[in-house]
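Heads up, the thing below is written out as structure tokens.
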Amino acid sequence: GDSVTQMEGPVTLSEEAFLTINCTYTATGYPSLFWYVQYPGEGLQLLLKATKADDKGSNKGFEATYRKETTSFHLEKGSVQVSDSAVYFCALMKAGANSKLTFGKGITLSVRP
Amino acid sequence: GAGVSQTPSNKVTEKGKYVELRCDPISGHTALYWYRQSLGQGPEFLIYFQGTGAADDSGLPNDRFFAVRPEGSVSTLKIQRTERGDSAVYLCASSLFRYRNTEAFFGQGTRLTVV
């Protein structure tokens, strides 16, 4: 079945450091890919998405590129802030009759001042 | 309110009891989803409604779990004969229209603890 694999966490970085969070997926067909973020005390929020190969999603300084050849959707940010501390989830959705979000396990990011 | 509302935010129940979890989606959203998030895991799909009907209930773990959405708005997830393994955060999400991969908006969840 479909699955999403995220790198093991947690991740702790200093402010202004470069961030990469790895995500790979297994799915038949051509899924859409998403990054969701959960800030402390809040619900899941969509951070960015990409719906086809080579698309780049971006938001709040975060970017991820849909790489079909490597089945990856790694999340990057050039300079993290303390306010980026949260749990990040990679997810996929396949269009069609069985469309639903399949999530990875999530990774906790802590950014130190 | 403007977002997806879930009540209660926390529920503690004894093993074997019946519980109901409520989800009030964003007004006008026809698609509604329930997910379950166990500790240290990502959310797992339970059931999807389009309007009043359950279009996909393939994620419900067994027949103790049931969900309804009688008027196409508020939904209730019902769990019978609760077990300790049912302890998790139950998330509800809604969106305008499923097939175009429109954004799903999540509530803050109900944390269910079965003791």
Side-chain angles (χ1 to χ4, degrees), chain A residues 1-10 21 23-27 29-53 55 57 59 66 73 75 86-108, chain B residues 1-7 9-10 21 23-26 29-50 53-61 67 88-111:
Chain A
D2 300 339
S3 66
V4 175
T5 302
Q6 292 185 233
M7 60 184 277
E8 293 290 326
I21 301 177
C23 171
T24 58
Y25 68 90
T26 301
Y30 302 94
S32 294
L33 301 174
F34 303 80
W35 277 99
Y36 277 82
V37 60
Q38 188 168 32
Y39 298 104
E42 299 185 17
L44 276 169
Q45 303 173 23
L46 178 64
L47 179 60
L48 54 83
K49 70 177 182 182
T51 58
K52 61 183 188 296
D55 269 3
N59 187 24
Y66 188 164
F73 193 54
L75 183 67
V87 183
Y88 292 81
F89 294 91
C90 185
L92 68 83
M93 177 190 286
K94 285 164 60 177
N98 293 323
S99 177
K100 59 183 180 285
L101 284 165
T102 300
F103 287 88
K105 286 187 177 183
I107 187 169
T108 300
Chain B
V4 177
S5 175
Q6 291 188 247
T7 54
S9 55
N10 281 282
L21 312 179
C23 172
D24 202 338
I26 292 172
H29 281 193
T30 57
L32 185 145
Y33 311 80
W34 284 98
Y35 291 83
R36 178 169 72 173
Q37 186 174 11
S38 301
L39 193 62
Q41 303 295 317
E44 294 180 312
F45 171 79
L46 295 177
I47 187 169
Y48 156 71
F49 288 89
Q50 183 61 256
D56 183 352
D57 64 358
S58 61
L60 294 177
V89 176
Y90 289 82
L91 298 172
C92 178
S94 69
S95 69
L96 273 173
F97 185 60
R98 179 190 197 190
Y99 291 98
R100 296 190 179 276
N101 292 332
T102 53
E103 180 178 354
F105 293 83
F106 283 80
Q108 293 197 16
T110 294
R111 182 176 299 278

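A quick note: this is a predicted structure, and the numbers were derived from the prediction, not measured. A note on names: the letters A, B, ... follow the listed sequences, proteins ahead of strands, and every chain is numbered from 1.
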Sequence-distant partners of A:E42, side chain to side chain contact (heavy atoms under 4.5 Å, CB included), two or more places apart: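 Per chain and number, A:E42 pairs via side chain to side chain contact (heavy atoms under 4.5 Å, CB included) with A:Y39, A:Q45.
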Set of side chain to side chain contact (heavy atoms under 4.5 Å, CB included) partners for A:A53, sequence neighbours left out: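 Partners of A:A53 under the side chain to side chain contact (heavy atoms under 4.5 Å, CB included) test: A:K68.
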Which portion of [X] sits near chain A, non-hydrogen atoms under 4.5 angstrom:
{"X": "B:Q37", "result": "side chain"}
{"X": "B:A93", "result": "neither"}
{"X": "B:Y35", "result": "side chain"}

Rounded distance [0.5 Å steps], CZ in A:F103 versus CD in B:Q41: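 Atom-to-atom, A:F103:CZ and B:Q41:CD are 13.0 Å apart.
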Rounded distance [0.5 Å steps], CG in A:L46 versus CZ in B:F106: 9.5 Å
Flag, side chain of B:Y33 to backbone of A:L101, donor-acceptor distance under 3.5 Å: no
Heavy-atom check, side chain of A:F89 versus side chain of B:P43, under 4.5 Å: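 Yes. Closest side-chain heavy atoms under 4.5 Å.
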Max heavy-atom pair count under 4.5 Å with chain B, selected residue of A:Q38, A:K105, A:Q6: A:K105
